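Let me begin by presenting the structure, written as structure tokens, before commenting on it.
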Amino acid sequence: MSTTHAAQAGPSTPALTPRQAGERARRILDEIGRAVVGKTEALDLVMCGVLAGGHVLIEDLPGLGKTLLARSFATTLGLDFRRIQFTPDLLPSDVSGAPFYDQRSGEMVFRPGPLFTHLLLADEINRTPPKTQAALLEAMAESQVSIDGVTRPLPNPFVVIATANPVEYEGTYTLPEAQLDRFLLRVRMGYLLVADEAAMLRARLDRATPETVLRTLADPAEVVAIRAALERVEVDDDLVAYVVALIDATRSHPQIQVGSSPRGGLALVQLARARAMLDGRDYLIPEDVKALAVPALAHRVTLRPELWVRQIAADDVIAELTERVAAPQTVPAPALRP
């Protein structure tokens, strides 16, 4: 699908209620679950990121299905998919594209890079130098690319799912805070349970093909419509105050050197609304915020250096902080009950 067509795809799909959008998103998750076995929590988190209009960082060991997850989302959502293998010699123009001289016309013509797609898998993003990592900053923040003074919009929707290996340090480049802050959430997949791994192996033997063939259940226009329904999920003032209290607590916590930016609060609210929609509700409850606090905030804070020696992770600090900050006793208005 061309960039122009994709950018104009939204209006053709009728408006959806949060409940309708949530039902469609759950059907999509059920289909993806046929290929990505035993990762319900990770799939739910990635779907929340897609629904909230953000980008996802999957940080985990090799071989746990990160690439399969990204490709499965693209297939089932009906999105154009491209993959970039980030390496130390990758140039910014290899990501965003560059102008070249057309001998036939005698003019400079822009050749789009793999960035011009609906769903981009940025594989091992921490293996490329900061200069190439920075090629993604404008695209992730504003869904556009500026080259030679010309701003070019990216397809709508535009989603980056990036992977990073947290174990290997040789030949890797730590993602700077500005880059991490562009990711709406960070997901960890973890190993399969023994029963799930056995089921995965048996399913592979029974189908006699490398991967499960998934159905396409949506298209770019429907993804845009589902995202629009997210804005109809109501958020009470006390829940807004609760989110602000969580963000403020990261800035005064004794174990945190640099707290969350305001973008962290925006991310937490949108992700919590997505969770509510997946749960069939058009209103937010405190449990939505609590469930998304660690994925939305842990990668946005910087711990004090001495905590590295004590093996204290940001996930643990945010989880403790979430338990400490008092949550409101929110009762949704009757008009908002499904």
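As the structure is a computational prediction, the values presented were derived from the model and not from experiment.
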* Measure from the side-chain N and O atoms of Thr128 to the backbone N and O of Phe86, and report whether any donor-acceptor pair falls under 3.5 Å. => no
* **Test item: Lys290 side-chain N/O and Ala327 main-chain N/O as donor-acceptor pair under 3.5 Å** => no
* Pair Glu231, Gln270: side-chain N/O donor-acceptor within cut-off below 3.5 Å -> yes
* **Side-chain donor or acceptor of Asp60 paired with backbone N/O of Met189 under 3.5 Å** => yes
* Asked: Any sub-3.5 Å donor-acceptor pair from Asp219's side-chain atoms to Glu222's backbone N or O?
  -> yes
* **Arg111 NZ/CZ over Phe100 ring centroid, <6.0 Å and within 45° of normal** => yes
* Taking atom OG1 of Thr117 and atom CG of Leu154, what is their separation to the nearest 0.5 Å? -> 9.5 Å
* Are Arg275 and Asp44 ion-paired here, with the side-chain N under 4.0 Å from a carboxylate O? -> no
* Should Asp288 and Arg281 count as an ion pair when the cut-off is N to O under 4.0 Å? -> yes
* Would Val95 end up clustered with Val145 when hydrophobic side chains under 4.5 Å apart are linked, directly or stepwise? -> yes
* What about Leu192 and Ile32, same hydrophobic cluster or not, with Ile/Leu/Val/Met/Phe/Trp/Tyr joined at side-chain heavy-atom distances under 4.5 Å? -> no
* **Between CG on residue Leu68 and CZ on residue Phe73, distance to nearest 0.5 Å** => 11.0 Å
* Flag the pair Glu23 and Arg19 as a salt bridge only when some basic side-chain nitrogen lies within less than 4.0 angstrom of an acidic carboxylate oxygen. => no
* Using a strict 4.0 Å threshold on nitrogen-to-oxygen distance, state whether Arg186 and Asp315 make a salt bridge. => yes
* To do: Decide if atom CG of Asp89 counts as having more than 12 heavy atoms of other residues, nucleotides or ligands within a radius under 6.0 Å.
  => yes
* Asked: So, does Ser93 use its side chain to make a donor-acceptor pair with the main chain of Ala98 at under 3.5 Å?
  -> no
* Donor-acceptor pair, side chain of Gln144 and main chain of Ala139, under 3.5 angstrom -> no
* Asked: When you look at Gln179 and Arg182, which way does the side-chain hydrogen bond (donor to acceptor under 3.5 Å, both in side chains) test go after all the steps?
  -> CA-CA 5 Å; Gln179 183 82 56; Arg182 295 302 199 280; over 6 Å; no
* Got a sec: does the CD of Glu320 have more than 12 other heavy atoms crowding it under 6.0 Å? -> yes
* Do Leu214 and Leu121 share a hydrophobic cluster (ILVMFWY, side-chain heavy atoms under 4.5 Å, transitive)? -> no
* If you draw the axis of the six-membered ring of Phe110, does the NZ or CZ of Arg152 fall within 45° of it and under 6.0 Å from the ring centre? -> yes
* Min side-chain heavy-atom separation Leu278-Arg26 under 4.5 Å -> yes
* Asked: In terms of hydrophobic clustering (I, L, V, M, F, W, Y; side-chain heavy atoms under 4.5 Å; direct or indirect links), are Leu266 and Val159 co-clustered?
  -> no
* Could you tell me whether Glu177 and Arg300 make a salt bridge, using a distance below 4.0 angstrom between a side-chain N and a carboxylate O? => no
* Look only at the side chain of Thr250 and the backbone of Ile247, and say whether a donor-acceptor pair between them is shorter than 3.5 Å. => yes
* To do: Take Leu268 and Val289, measure what side chain to side chain contact (heavy atoms under 4.5 Å, CB included) needs, and give me the verdict at the end.
  => CA-CA 7 Å; Leu268 182 53; Val289 178; 3.8 Å; yes
* **Flag side-chain contact, heavy atom, 4.5 Å: Leu185 against Val56** => yes
* **Flag, side chain of His118 to backbone of Asp80, donor-acceptor distance under 3.5 Å** => yes
* Within the distance-only criterion (no hydrogens, no angle test), does the side chain of Arg227 pair as donor or acceptor with the backbone N or O of Val50 below 3.5 angstrom? -> yes
* Asked: Are the side chain of Arg232 and the backbone of Leu16 linked by a donor-acceptor contact shorter than 3.5 Å?
  -> yes
